[in-house]
Protein chains: 2
Amino acid sequence: MPKRSSPPTNPRKQPVQARSAQLVADILQAAIRVLERDGAQRFTTIRVADEAGVSVGSLYQYFPNKQAILYQLQRDEWERTGSSLEALLGDTTRAPVDRLRATLRAFFHSECDEAPLRLALDDAAPAYRDAPQSAEHRARSAAVVTGFVTAAAPHATRKQRGLAAQLVLATMTSLGKDVSERGLSRAEVDAWADAAADMVGGYLARLGAGTRRNAT
Amino acid sequence: MPKRSSPPTNPRKQPVQARSAQLVADILQAAIRVLERDGAQRFTTIRVADEAGVSVGSLYQYFPNKQAILYQLQRDEWERTGSSLEALLGDTTRAPVDRLRATLRAFFHSECDEAPLRLALDDAAPAYRDAPQSAEHRARSAAVVTGFVTAAAPHATRKQRGLAAQLVLATMTSLGKDVSERGLSRAEVDAWADAAADMVGGYLARLGAGTRRNAT
DNA sequence: GCAAAATACGAATAAACATTCGCGTTAGCA
DNA sequence: TGCTAACGCGAATGTTTATTCGTATTTTGC
């Protein structure tokens with residue numbers, strides 16, 4: 001377990017004028033391009049500054065260090081996926097099975113669309129692992145999934161549902177990552193999402209109706 | 001997509017005398033210790049050499065570069081998990097359901113036992129991604145799982161089985177990684193493995209008997 | 001015991017990078 | 001118009017690291 005003193009990830013200075021706000025936005029956009037094009041290994045402050053058309057010095061006025069940039073990108077990513085999950089999986093006006101399928105399709109597609117960026121962010125994960133926001137994001141997702149499992153398997157025990165919720169969330173995110181690395185067509189991604197939905201949905205359905213332990 | 005010229009990972013020189021063979025073994029052992037203790041970020045050739053009690057120069061006589069060491073460790077890891085998978089999931093003397101459960105338990109436990117090393121190797125993955133052996137290992141695993149799916153869902157179409165095999169393998173490996181990061185007790189790991197086996201097994205059972213598309 | 005090959009060594013080299021700092025430039029405001 | 005704070009710059013600094021290479025030591029074959 002590498003001990004890390006967790007250098008600060010909050011901005012050194014807040015942009016006040018419009019031009020500096022633009023500069024920060026430019027840097028974040030450039031950072032995405034650098035990650036996608038050069039990968040996490042070659043993600044350097046100089047490269048990001050160059051790509052954004054600003055100087056390193058300017059970059060360091062608003063980001064205390066390199067990790068802060070990556071962390072900001074990951075935060076934005078978490079925000080997006082969290083919202084999407086709440087909107088789709090938490091949509092109580094639809095039947096659980098439909099929700100699950102729609103969620104998995106949307107989630108897998110989104111993962112695939114941004115595959116290079118997510119891959120690179122994963123590679124860079126050691127730089128911002130144990131970030132405080134990470135726990136928050138997990139909790140948010142867990143809450144949504146727990147609500148969903150309660151709706152999908154109302155007759156299961158609380159304990160069963162707890163484990164199931166974790167399993168469902170882990171399966172979704174893990175498979176999403178796996179799928180995004182395969183470079184599949186839209187139709188293939190749909191097939192994967194539907195298969196995953198069958199697998200997870202079937203499991204929850206059986207949890208809800210009688211605790212059978214062994215299948216044929 | 002970061003273009004990488006893939007520097008060679010094969011040894012610069014083969015150990016001839018006993019002492020150099022021992023040196024190579026020492027280096028690999030030390031590399032594991034450094035990865036576990038300091039993490040992938042701080043995995044440097046000097047640290048490995050120090051830990052092994054040899055000089056950097058000696059290290060470079062048998063490994064062309066740093067990646068070669070990591071790659072060798074990953075190769076060994078692949079070899080172990082591949083053998084284990086064949087032995088457990090490919091054991092045709094047992095019923096599919098039992099095989100699946102036993103495999104997942106063993107696999108999850110093995111992942112957890114070596115969690116620090118695997119975590120670190122994952123972090124270091126960018127250094128040896130696209131390695132030739134990687135494809136071989138995937139093919140080997142895929143073959144075993146395909147055989148298993150055929151046994152577990154003999155009445156499914158070939159196409160269904162193909163997708164199912166990929167899904168099962170992806171679920172196993174992805175969940176294994178996820179579980180290993182949680183620091184669970186043995187009992188908890190078993191619970192996870194059994195839940196995963198239920199989920200995957202149930203999916204395959206339904207594939208085998210009639211192609212139902214929607215559940216309740 | 002001896003020459004040649006193999007092995008081991010570790011200081012030295014060179015490159016890459018994160019981060020700083022002093023100075024010139026621009027925007028806001030009186 | 002002029003003053004001040006905010007902004008922007010990029011060469012310079014200090015550190016870390018992978019890798020090399022000339023030399024010293026050990027083993028092997030005889």
Side-chain angles (χ1 to χ4, degrees), chain A residues 2 4-28 30-31 34-35 38-72 123-124 126-128, chain B residues 2 4-28 30-31 34-35 38-72 123-124 126-128:
Chain A
R4 204 164 277 280
S5 37
S6 294
T9 46
N10 22 11
R12 165 164 316 190
K13 182 201 287 190
Q14 286 297 340
V16 176
Q17 303 176 357
R19 55 176 171 160
S20 51
Q22 182 63 50
L23 183 143
V24 169
D26 286 349
I27 288 175
L28 288 172
V34 171
L35 272 181
D38 303 334
Q41 299 301 299
R42 290 201 266 274
F43 181 86
T44 72
T45 49
I46 295 179
R47 239 183 275 261
V48 171
D50 271 1
E51 177 73 26
V54 304
S55 83
V56 235
S58 301
L59 186 154
Y60 274 94
Q61 295 234 325
Y62 304 98
F63 297 93
N65 50 49
K66 194 174 74 158
Q67 291 85 7
I69 305 173
L70 294 165
Y71 181 51
Q72 179 69 49
D123 285 350
Y128 58 78
Chain B
R4 205 164 275 281
S5 37
S6 293
T9 46
N10 22 10
R12 166 166 314 191
K13 181 200 289 190
Q14 286 297 341
V16 177
Q17 303 175 359
R19 55 175 172 159
S20 52
Q22 182 62 51
L23 183 142
V24 169
D26 286 349
I27 288 174
L28 289 173
V34 170
L35 272 181
D38 303 334
Q41 299 302 299
R42 289 201 265 275
F43 181 86
T44 72
T45 50
I46 294 180
R47 238 183 275 261
V48 170
D50 271 2
E51 177 73 27
V54 303
S55 84
V56 237
S58 302
L59 186 154
Y60 274 94
Q61 296 237 322
Y62 304 98
F63 296 92
N65 50 49
K66 194 174 74 160
Q67 292 83 7
I69 306 174
L70 294 164
Y71 181 52
Q72 179 68 49
D123 284 351
Y128 58 78

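Chain letters run A, B, ... following the sequence lines, proteins first, then strands; residues in each count from 1. These numbers were taken from a predicted model, which means no experiment stands behind them.
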Tell me, please, which residues at least two apart from B/Asp26 pass salt bridge (charged side-chain N to carboxylate O under 4.0 Å, His left out).
none

With B for base contact, S for sugar-phosphate-only contact and - for none (protein heavy atoms under 4.0 Å), nucleotides 13-26 of chain C reads ----SSBB-----B

Contact between B/Leu70 and B/Leu35 at the side-chain level, heavy atoms closer than 4.5 Å - yes or no?
yes

B/Ile27 CD1 to C/dC9 C1': how many Å, rounded?
13 Å

Could you list the residues that satisfy side-chain hydrogen bond (donor to acceptor under 3.5 Å, both in side chains) with A/Ser58, not counting sequence neighbours?
A/Ser55

How far does OH of A/Tyr62 sit from CD1 of A/Ile27, to the nearest 0.5 angstrom?
8.5 Å

Partners meeting side chain to side chain contact (heavy atoms under 4.5 Å, CB included) with B/Tyr60 (sequence neighbours left out):
B/Thr45, B/Val56

5' to 3' on DNA chain D, which nucleotides open and close the contacts with chain A (atom under 4.0 Å from a heavy atom)?
D/dA6 to D/dG10

From B/Asp123 atom CG to B/Phe43 atom CZ, the distance as rounded to the nearest 0.5 Å
12.5 Å

Only one of A/Leu28, A/Asp38, A/Val54, A/Leu59 passes side chain to side chain contact (heavy atoms under 4.5 Å, CB included) with A/Val48; say which it is.
A/Leu59

Once salt bridge (Lys or Arg N to Asp or Glu O under 4.0 Å) is applied, what residue pairs with a partner in residues 50-62 of chain B remain, sequence neighbours excluded?
B/Arg33-B/Glu51, B/Arg37-B/Glu51

